[in-house]
Amino acid sequence: MRIEWKDEIPLQIDLEQTASSGQCFRWQAAGGGAYRVPNGEKCLAIAPGSVPGRVRVDVTAEEFARDWADYFDAGRDYAAICRSAQEDSFLCACAAVAGGVRVLRQDAWEMLITFTISQNNNIPRIRASVDKLCRRFGHPVAKGVRGCPALYSFPAPEALRDVKKLKGLGLGYRDRYLAALADGVCTGAIDLDALKKMPYAQAHAYLTGLFGVGVKVANCVCLFGLGHADAFPVDTWIKKILDAEYREGFPLEKYPGCAGIVQQWMFYAVQSGQVELKKEEKTPRI
DNA sequence: CTCCAGGGCAGCG
DNA sequence: CGCTGCCATGGA
């Protein structure tokens with residue numbers, strides 16, 4: 001069985017960059033630059049189009065607009081964000097190799113669990129744990145195609161309540177965080193529907209009140225799961241970048257409503273090794 | 001062996 | 001408030 005392409009859509013995106021940008025851990029490479037993208041009960045096949053700025057998909061343009069435009073943040077003008085970074089030579093260098101990264105709007109519950117797993121962890125291990133989680137507790141949402149294994153849904157909260165069932169997934173000490181979050185959603189103590197309606201500051205405060213969720217993970221959930229593009233997660237990589245390039249602090253005010261997007265460009269560019277940081281000049285001891 | 005990875009918690013001062 | 005040790009796990 002192979003992928004049946006149905007339509008070509010205008011969308012500025014580099015699929016390979018986005019797939020390896022550390023925001024989504026379940027995209028599946030399908031060969032020839034194509035990817036299978038699971039979200040909820042649906043799965044989209046997507047590939048570069050006949051010209052830059054377009055993508056091929058295995059749904060009609062109408063179905064894409066209905067089910068996927070929001071996921072891909074299709075309404076945002078990324079070129080305009082890039083232009084607003086013109087005076088910043090470091091950011092321009094990052095955009096040159098990472099400007100094709102789009103910040104996806106993924107499922108909030110999935111992002112909450114995924115980025116709780118991400119703490120003090122690395123990207124390959126996060127991907128492995130999420131994959132095992134879906135295989136064990138999810139159900140198939142897309143069949144295998146020419147070598148690519150089947151894709152499974154992200155587990156519902158009910159499946160993750162019992163911490164004893166979370167062994168063997170490589171979660172380490174994080175397993176009890178997941179179980180507590182899942183139980184909270186099941187009992188109603190955690191209200192994800194209310195969370196989705198909150199403005200950024202309120203959502204961030206709500207999230208940091210949850211056991212196992214700190215400032216950084218809360219920002220990742222806001223940015224990748226709640227559509228708050230002004231969230232600016234600071235992890236070990238961004239810390240290094242701020243330390244080397246922005247000693248006076250990052251100028252968040254220059255990127256109103258989209259700081260998280262330039263953050264993703266910097267993260268991907270440096271984490272992938274394509275942009276190097278300045279050597280730390282030894283502060284002269286007085 | 002040590003250090004590190006998209007950190008957070010608990011226990012201090 | 002800020003600081004420190006600890007937390008599982010696996011790869012370099």
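We name chains A, B, ... by the order of the sequence lines, and we start the count at 1 in each one. Since we're looking at a predicted model, the values are computed, not measured.
- Counting all heavy atoms, side chain and backbone alike, A/Trp109 lies closest to A/Pro157 at CZ2-CA, 3.5 Å.
- A/Arg36 contributes no side-chain N or O that, together with a main-chain N or O of A/Ala30, makes up a donor-acceptor pair within less than 3.5 Å.
- If you measure from atom CG of A/Leu178 to atom P of B/dG8, you get 14 Å, rounded to the nearest angstrom.
- The distance between atom CD1 of A/Ile113 and atom C1' of B/dG7, rounded to the nearest whole Å, is 15 Å.
- Across all strands shown, A/Leu210 has heavy atoms under 4.0 Å from sugar-phosphate atoms exclusively, and none from any base.
- A/Cys24 approaches A/Thr18 most closely through the heavy-atom pair SG-O, 3.7 Å.
- Listed by first then second residue, pairs satisfying salt bridge (Lys or Arg N to Asp or Glu O under 4.0 Å) with a partner in residues 159-178 of chain A read A/Arg161-A/Asp183, A/Asp162-A/Lys164, A/Lys167-A/Asp175, not counting sequence neighbours.
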Would you tabulate the pairs of protein nitrogen or oxygen atoms and nucleotide nitrogen or oxygen atoms of nucleotides 7-9 of chain C closer than 3.5 angstrom?
from: C/dA8; atom 1: O4'; to: A/Tyr173; atom 2: N; distance (Å): 3.1
from: C/dA8; atom 1: N6; to: A/Asn120; atom 2: ND2; distance (Å): 2.7
from: C/dA8; atom 1: N1; to: A/Asn120; atom 2: ND2; distance (Å): 3.4
from: C/dT9; atom 1: O2; to: A/Arg125; atom 2: NE; distance (Å): 3.4
from: C/dT9; atom 1: O2; to: A/Arg125; atom 2: NH2; distance (Å): 3.4

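- Among A/Phe25, A/Tyr71, A/Phe115, the one residue that satisfies the ring pair (Phe, Tyr, Trp, His ring centres under 6.0 Å) test with A/Phe224 is A/Phe115.
- The backbone N or O of A/Ser21 lies less than 3.5 Å from a partner atom in the side chain of A/Gln264, making a donor-acceptor pair.
- The distance from atom CD1 of A/Ile126 to atom P of C/dG11 is 15 Å, rounded to the nearest whole Å.
- When every heavy atom of A/Ile113 is checked against every heavy atom of A/Leu133, the shortest pair comes out as CG2-CD2, 4.1 Å.
- Rounded to whole Å, atom C1' of B/dA5 lies 10 Å from atom CZ of A/Phe267.
- For DNA chain B, the residues of residues 231-241 of chain A within the heavy-atom distance limit of 4.0 Å (strictly under) are A/Pro233, A/Asp235, A/Thr236, A/Trp237, A/Ile238, A/Lys240, sorted by number.
- Residue-level contact check: A/Ser21 touches the bases, meaning some heavy atom is under 4.0 Å from a base atom.
- The two residues A/Ala229 and A/Gly257 come nearest to each other via the heavy atoms CB-O, 3.3 Å.
- Using the six-membered ring where Trp is involved, A/Tyr78 and A/Trp265 have ring planes that are tilted, between 30° and 60° apart.
- A/Tyr268 and A/Ala98 get closest at one heavy-atom pair: CD2-CB, 3.3 Å.
- Using a 4.0 Å heavy-atom distance criterion, A/Gly22 is classed as a base contact.
- Here C/dA12 presents its P atom at 10 Å from CG of A/Asn122, a figure rounded to the nearest Å.
- Here the side chain of A/Gln23 pairs a donor or acceptor atom with the backbone of A/Leu104 at under 3.5 angstrom.
- Residues from residues 213-228 of chain A with heavy atoms under 4.0 angstrom of DNA chain B, sorted by number: A/Val213, A/Gly214, A/Val215, A/Lys216, A/Val217, A/Phe224.
- Atom P of nucleotide B/dG8 and atom CZ of A/Phe115 are separated by 12 Å, given to the nearest angstrom.
- Under the 30°/60° scheme for interplanar angles, the aromatic rings of A/Trp237 and A/Phe267 are found to stand perpendicular.
- Atom C1' of nucleotide B/dC4 and atom CD1 of A/Ile123 are separated by 13 Å, given to the nearest angstrom.
- When all heavy atoms are compared, the tightest approach of A/Ser118 to A/Lys216 is OG-NZ, 4.1 Å.
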Within the sub-3.5 Å range, which N or O atoms of nucleotides 10-13 of chain B have a protein N or O partner, and how far apart are they?
none

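- For A/Phe72, the ring pair (Phe, Tyr, Trp, His ring centres under 6.0 Å) partners at least two apart in sequence or on another chain are A/Phe64.
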